Amino acid sequence: MEKPKNTVTMQFKSIPENVSLARVLVASVAAQLDMTISDLEELKVAVSEAVSNAIIHGYENNPEKTVELEIISFDEELIITVTDYGVGIADVKQALQPAFTTDNERMGLGFVFIQSFMDKLEVESKPNQGTKVIMSKSLGFRPES
């Protein structure tokens, strides 16, 4: 397996204010990778959705819980993982469907946005154990040899 160019890991409280912190961190790492402004904006939206899902759905807005964010950059790919240890998702396939939500105040489009802005999305979840959202974006260029 290819060796990462950079790895950044952060844990933060499950509070809405930390969604913007996650966005800034991802944008800071991605900006070093010669990405377009459009790609940077899409990354920030995808991370916002994943972190918001962890806070709102995973932890049901419990500010005493912790969300984990990991960013790994490779020559050709950026992998971002958002993990919570909350309520989990009983049916991941159903949760990935447009407009599915467990909160009637929400539109249920978080995973739809992530899928449209990222090249790959994998969701690992078990009820009462939490959820791991793994997103990857191809960097679309080859390193100089």
Side-chain angles (χ1 to χ4, degrees), residues 1-140:
M1 181 160 184
E2 179 186 359
K3 186 176 177 184
K5 289 174 64 174
N6 193 8
T7 301
V8 179
T9 305
M10 180 170 68
Q11 294 181 329
F12 48 85
K13 286 185 73 148
S14 176
I15 57 175
E17 293 84 353
N18 285 332
V19 173
S20 60
L21 179 65
R23 287 171 58 95
V24 168
L25 181 60
V26 166
S28 296
V29 172
Q32 301 169 21
L33 303 174
D34 197 32
M35 298 184 89
T36 66
I37 297 294
S38 176
D39 283 342
L40 283 173
E41 289 303 316
E42 289 178 354
L43 277 177
K44 291 192 299 187
V45 170
V47 167
S48 295
E49 294 296 337
V51 171
S52 293
N53 279 350
I55 294 169
I56 295 165
H57 302 291
Y59 289 135
E60 299 173 324
N61 293 303
N62 181 344
E64 298 307 313
K65 301 295 184 175
T66 302
V67 177
E68 297 175 1
L69 173 67
E70 180 181 59
I71 306 162
I72 305 173
S73 64
F74 296 92
D75 285 331
E76 298 178 22
E77 184 177 37
L78 183 67
I79 299 174
I80 302 163
T81 304
V82 176
T83 305
D84 71 68
Y85 299 95
V87 301
I89 301 170
D91 186 340
V92 171
K93 190 174 181 181
Q94 182 185 32
L96 292 172
Q97 297 303 309
F100 176 80
T101 183
T102 58
D103 180 347
N104 292 333
E105 301 285 314
R106 305 254 161 219
M107 295 189 316
L109 297 175
F111 283 135
V112 173
F113 286 136
I114 295 170
Q115 286 174 315
S116 66
F117 291 149
M118 303 299 285
D119 294 316
K120 291 184 210 159
L121 169 64
E122 183 179 339
V123 179
E124 300 171 359
S125 190
K126 290 187 178 155
N128 302 313
Q129 292 183 30
T131 302
K132 181 182 284 193
V133 177
I134 305 158
M135 307 166 275
S136 64
K137 185 82 164 169
S138 173
L139 300 177

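Given the structure is predicted, the values throughout are model-derived calculations rather than measurements. In this chain, numbering begins with 1 at the start of the sequence shown.
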* **side-chain contact (heavy atoms from CB on, under 4.5 Å) between L139 and D75, worked out** => CA-CA 8 Å; L139 300 177; D75 285 331; over 6 Å; no
* Asked: Under the side-chain contact (heavy atoms from CB on, under 4.5 Å) criterion, do S14 and D84 qualify, and how do the steps go?
  -> CA-CA 9 Å; S14 176; D84 71 68; over 6 Å; no
* I80 and V47: side-chain contact (heavy atoms from CB on, under 4.5 Å), yes or no, with the steps? -> CA-CA 8 Å; I80 302 163; V47 167; 3.9 Å; yes
* Given side-chain contact (heavy atoms from CB on, under 4.5 Å), test F111 with I89 step by step and report yes or no. => CA-CA 13 Å; F111 283 135; I89 301 170; 4.2 Å; yes
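For T36, the side chain to side chain donor-acceptor pair (under 3.5 Å) partners are D39, not counting sequence neighbours. In terms of the side chain to side chain donor-acceptor pair (under 3.5 Å) criterion, residue partners of E42 (sequence neighbours excluded) are, by chain and number, K137. Scanning for side-chain contact (heavy atoms from CB on, under 4.5 Å) contacts around S52 gives V19, I56, with sequence neighbours left out. Judged as a side-chain contact (heavy atoms from CB on, under 4.5 Å), and not counting sequence neighbours, the contacts of K120 are E77, S136. Every residue two or more places apart in sequence or in another chain was checked for a side chain to side chain donor-acceptor pair (under 3.5 Å) with T81, and none qualifies. Every residue meeting the side-chain contact (heavy atoms from CB on, under 4.5 Å) condition with P4, not counting sequence neighbours, appears here in chain and number order: T7, I72, F74. Contacts of Y85 classified as side-chain contact (heavy atoms from CB on, under 4.5 Å), with partners at least two apart in sequence or in another chain: Y59, E68, T83. Taking N18 as the reference, nothing meets the side chain to side chain donor-acceptor pair (under 3.5 Å) condition, with sequence neighbours excluded. The salt bridge (charged side-chain N to carboxylate O under 4.0 Å, His left out) test applied to K44 returns E41, not counting sequence neighbours. Judged as a salt bridge (charged side-chain N to carboxylate O under 4.0 Å, His left out), and not counting sequence neighbours, the contacts of E64 are K13.
With rounding to the nearest 0.5 angstrom, the NZ atom of K5 is 9.0 Å from the CD atom of E2. To the nearest 0.5 Å, atom OG of residue S125 and atom NE2 of residue H57 are 12.0 Å apart. Taken to the nearest 0.5 Å, the OG atom of S138 stands 10.5 Å off from the CE atom of M118. Between the OG1 atom of T9 and the CD atom of E70 there is a distance of 4.5 Å, given to the nearest 0.5 Å. Atom CD1 in I71 sits 9.0 Å away from atom CG in L43 (nearest 0.5 Å). Here CG of N62 is found 11.5 Å from CD1 of I15. Values are rounded to the nearest 0.5 Å.
The main-chain N or O of F113 is never found under 3.5 Å from a side-chain atom of E49 such that the two would form a donor-acceptor pair.
Pairing each heavy atom of A30 with each of L40, the nearest pair is CB-CD2, 3.3 Å.
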